[in-house]
Amino acid sequence: MSLLSIVEIPDPRLRLVCEPVEAVDDEVRTLVADMFETMYAAHGIGLAASQVGVIRRVMVVDLQERETEEEDAKPEAKRDPRAFINPEILWVSDEKSTYNEGCLSIPEQYAEVERPARCRVKWLDEQGKAHEEEFHGLMATCVQHEIDHLNGVLFIDHISRLKRQMLIKKLDKARKAAA
């Protein structure tokens, strides 16, 4: 496994619609493993392939929270990694929920985003096995956020233009301060 570089805005690859995976093979399984390692190292809960510059319909999610860096170093007991290959939203609820979303491709920036509270999704896992499940709560939010990435959509596209501009200015200011 290896750490991959996380693509950040305004990289145009984040706006591309990802290509379907034709076959779940060793190359895809390696990508999934590398994406998990990258996501954990960045302390994220989800990562889409486009965020590491791979324009394929692959995403990983693990909502298990680690409280310390020591737990991050040996997290197997607490992790619940889930790989989604060619995920497709089949249904969303009319009921909405709001979550303060962030994104590894828009570092240290957060905004309240309203999304359907529940969604039904079908996908393949890293072994090529088909799944279909209804998600709610944070998992529904995270799955929708990552599928948005696969479609070239960022969480900031779900907020007002003014809030989006303010968030991008804050990010630019933080980048200049770090340089």
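Heads up: numbering here begins at 1 and tracks the sequence.
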Worksheet item: side chain to side chain contact (heavy atoms under 4.5 Å, CB included) between Tyr40 and Arg79: does it pass, once the steps are laid out?
Response: CA-CA 10 Å; Tyr40 291 133; Arg79 289 191 178 159; 2.9 Å; yes
Practice prompt. Say whether His158 and Glu114, considering side chains only, have a donor N or O and an acceptor N or O under 3.5 Å apart.
Written response: no
Worksheet item: Which pair of non-hydrogen atoms, one from Pro87 and one from Val121, has the smallest distance, and what is that distance?
Response: CB-CG1, 4.3 Å
Worksheet item: Is the closest basic N to carboxylate O distance between Arg57 and Glu19 below 4.0 Å?
Response: no
Discussion item. For the CD atom of Glu134 and the CG atom of Leu90, what is their distance to the nearest 0.5 Å?
Written reply: 10.5 Å
Practice prompt. With Arg118 as the cation and Phe135 as the aromatic partner, state whether NZ or CZ is under 6.0 Å from the six-membered ring centre and within 45° of the axis.
Written response: no
Worksheet item: Is the Trp123 ring parallel, tilted or perpendicular to the Phe84 ring (thresholds 30°, 60°)?
Response: tilted
Worksheet item: Shortest non-hydrogen contact from Leu124 to Ala130?
Response: CD2-CA, 3.7 Å
Item to complete: Salt-bridge test for Asp34 and Arg29: reply yes if a basic N is under 4.0 Å from a carboxylate O, no otherwise.
Response: no
Item to complete: Report yes or no: do Ile45 and Ile106 belong to one cluster of Ile/Leu/Val/Met/Phe/Trp/Tyr joined by side chain heavy-atom distances under 4.5 Å?
Response: no
Worksheet, complete the sentence: Shortest non-hydrogen pair, Arg175 vs Pro10, comes out as NH1-CD, 4.1 Å
Practice prompt. Quick one: closest heavy-atom pair of Asp157 and Gly152, and the distance?
Written response: OD2-O, 4.4 Å
Worksheet item: Counting only heavy atoms not in Glu108, do more than 12 sit closer than 6.0 Å to its CD atom?
Response: no
Worksheet item: Does a side chain donor of either Arg15 or Asn151 reach within less than 3.5 Å of an acceptor in the other side chain?
Response: no
Discussion item. Run Thr98 and Val113 through side chain to side chain contact (heavy atoms under 4.5 Å, CB included) and show every step you take.
Written reply: CA-CA 5 Å; Thr98 302; Val113 176; over 6 Å; no
Practice prompt. For Glu8 and Ser105, test the side chains for any donor-to-acceptor distance below 3.5 angstrom and give the result as yes or no.
Written response: no
Worksheet item: Which value, rounded to the nearest 0.5 Å, describes the distance between Leu16 atom CG and Leu150 atom CG?
Response: 11.5 Å
Worksheet item: Are Glu133 and Arg82 ion-paired here, with the side-chain N under 4.0 Å from a carboxylate O?
Response: yes
